[in-house]
Amino acid sequence: MIRIKQVMVACFALVVTYAFADISHVEAYRGAQLVKSDTQENQSLEIPLGKIQRSGRGWEPESVLRVKGSVFRSLYKIERNVPLESVFAYYKEALLARGQKVVFECESRSCGSSNAWANNFFKNYLLYGADDSQLLMVVQDDHDDYQMIYINRRGAGDIMVRLDSIALMASQGSEFEVVAQMAVDDFPRIRRFLRDLPSGQQVVGFVSSKKSGSVSSIEQGDRYIEALTSGIGVQLSRQVRFINVADMGRDVLGHNRVSFVYVSP
């Protein structure tokens with residue numbers, strides 16, 4: 001029998017050390033070539049909230065948000081005959097497709113020095129291009145996670161796209177670890193996660209929610225669990241026990257998410 005009670009008590013003191021963070025997926029621009037990507041966990045990160053400018057002997061954004069979390073970075077190259085405006089428009093639409101809010105945005109020379117962004121902030125010379133052909137955009141979703149994109153056309157004519165997806169860590173101090181966290185309506189990823197579990201491994205899924213109009217957070221959580229159970233099917237439902245934590249674990253578990261924790265049989 002799964003030790004549900006023990007896990008429920010612990011959920012309010014979870015350390016969210018993400019094994020896989022819930023970050024909205026952005027499809028690459030058509031024909032874009034992936035140059036490299038990497039993931040880092042438990043990192044101290046700076047999210048720029050202003051143009052880059054000279055500071056002392058170096059360069060830094062006018063304002064930054066310092067956070068701790070997991071980051072997934074991707075660098076793409078797009079061929080030289082693609083209009084830069086089309087790339088800008090595509091990624092702006094993609095980053096805002098799920099109701100994300102713009103935290104900071106700049107284009108062209110209002111961003112400051114492209115050389116400083118490339119070499120001082122991102123530390124990647126491949127991002128360097130003309131100051132008037134750059135775009136920087138930072139968005140935040142309703143789970144309080146961030147995505148940051150920097151685009152520029154290099155002197156050779158090709159377009160470089162740097163996309164960082166950042167999932168924040170929420171708290172410290174627990175023996176339990178969230179091994180996967182996803183939006184409650186992301187059924188494909190939830191099904192894939194459950195199918196990939198080791199044989200015999202069961203999990204608890206903490207379902208967080210928030211009040212929506214006249215619907216309380218508890219009612220909303222119950223609705224989410226009903227939809228989750230139906231959406232993943234009978235077979236996969238045997239591997240997971242969903243628990244409605246409403247908005248009581250907000251700081252740790254975010255909003256409108258399902259957070260999975262391994263438990264002993």
Side-chain angles (χ1 to χ4, degrees), residues 7 10-28 34-49 61 64-76 91 94-104 121-124 127 136-150 161-186 188-194 196-198 201 203-208 245 249-262:
V7 178
C11 80
F12 300 105
L14 286 169
V15 180
V16 183
T17 52
Y18 293 91
F20 187 76
D22 169 31
I23 304 174
S24 299
H25 180 64
V26 175
E27 293 286 347
L34 179 64
V35 177
K36 64 179 179 179
S37 65
D38 69 276
T39 302
Q40 292 183 316
E41 299 180 6
N42 193 19
Q43 298 292 304
S44 295
L45 305 164
E46 290 189 347
I47 299 174
L49 302 177
V64 297
L65 175 64
R66 292 179 173 85
V67 300
K68 192 171 185 179
S70 299
V71 57
F72 177 71
R73 301 184 179 97
S74 300
L75 180 65
Y76 293 92
Y91 279 105
L95 285 172
L96 299 175
R98 296 187 181 182
Q100 296 93 325
K101 65 179 181 180
V102 177
V103 179
F104 174 72
F121 188 82
F122 294 109
K123 295 180 172 37
N124 189 332
L127 295 172
L136 176 68
M137 188 174 183
V138 179
V139 302
Q140 183 183 29
D141 65 18
D142 60 359
H143 305 315
D144 299 326
D145 293 333
Y146 292 86
Q147 287 183 298
M148 170 174 61
I149 196 164
Y150 182 80
V161 178
R162 159 76 177 252
L163 177 63
D164 291 12
S165 296
I166 301 166
L168 305 189
M169 294 183 65
S171 65
Q172 302 290 327
S174 171
E175 60 183 299
F176 290 95
E177 180 178 311
V178 172
V179 295
Q181 189 176 73
M182 305 160 198
V184 289
D185 58 353
D186 196 346
R189 282 176 58 193
I190 294 169
R191 286 194 293 265
R192 185 162 58 248
F193 166 74
L194 294 173
D196 291 344
L197 286 174
Q201 178 66 62
V203 292
V204 167
F206 294 110
V207 177
S208 60
V245 297
R250 177 179 300 174
D251 291 340
V252 174
L253 304 177
H255 294 129
N256 307 326
R257 294 183 178 188
V258 55
S259 303
F260 292 101
V261 174
Y262 287 151

Using the test side chain to side chain donor-acceptor pair (under 3.5 Å), find all partners of Asn124 that sit at least two apart in sequence or belong to another chain. none
Those residues that, when tested against [X], pass side chain to side chain contact (heavy atoms under 4.5 Å, CB included) (two or more places apart):
{"X": "Ser37", "answer": "Leu34, Phe72, Ser74"}
{"X": "Arg192", "answer": "Arg189, Arg195, Asp196"}
{"X": "Val64", "answer": "Glu46, Pro61, Arg66"}

Between Asp145 and Arg257, does at least one N-O distance fall below 4.0 Å, as a salt bridge requires?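 A salt bridge links Asp145 with Arg257.
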Go through the structure and list residues passing ring pair (Phe, Tyr, Trp, His ring centres under 6.0 Å) with Phe121, not counting sequence neighbours. Trp117
Distance in Å, Met137 CE paired with Met148 CE, rounded so as to fall on 0.5 Å steps: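 Interatomic distance, Met137 CE to Met148 CE, rounded to 0.5 Å: 13.0 Å.
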In this structure, CG of Leu95 is separated from NZ of Lys101 (nearest 0.5 Å) by 15.0 Å
Among Val138, Val139, Leu65, Ile47, side-chain contact (heavy atoms from CB on, under 4.5 Å) partner for Val103: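 Answer after filtering Val138, Val139, Leu65, Ile47: Val138.
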Passing candidate, side-chain contact (heavy atoms from CB on, under 4.5 Å) with Phe260, options Val204, Leu197, Val203: Val203
Are the side chains of Met182 and Phe193 in touch, meaning some heavy atoms are under 4.5 Å apart?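 Yes - at least one pair of side-chain heavy atoms lies under 4.5 Å apart.
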Below 4.5 Å, heavy atoms only, C-beta onward: do Tyr146 and Asp164 meet side chain to side chain? no
Contacts of type salt bridge (Lys or Arg N to Asp or Glu O under 4.0 Å), residue Asp38, not counting sequence neighbours: Arg73
Atom of [X], atom of [Y] and distance for their closest heavy-atom approach:
{"X": "Ser208", "Y": "Val184", "result": "O-CG1, 4.4 Å"}
{"X": "Ala28", "Y": "Tyr76", "result": "CB-CE2, 3.6 Å"}
{"X": "Leu136", "Y": "Pro48", "result": "CD2-CG, 4.1 Å"}

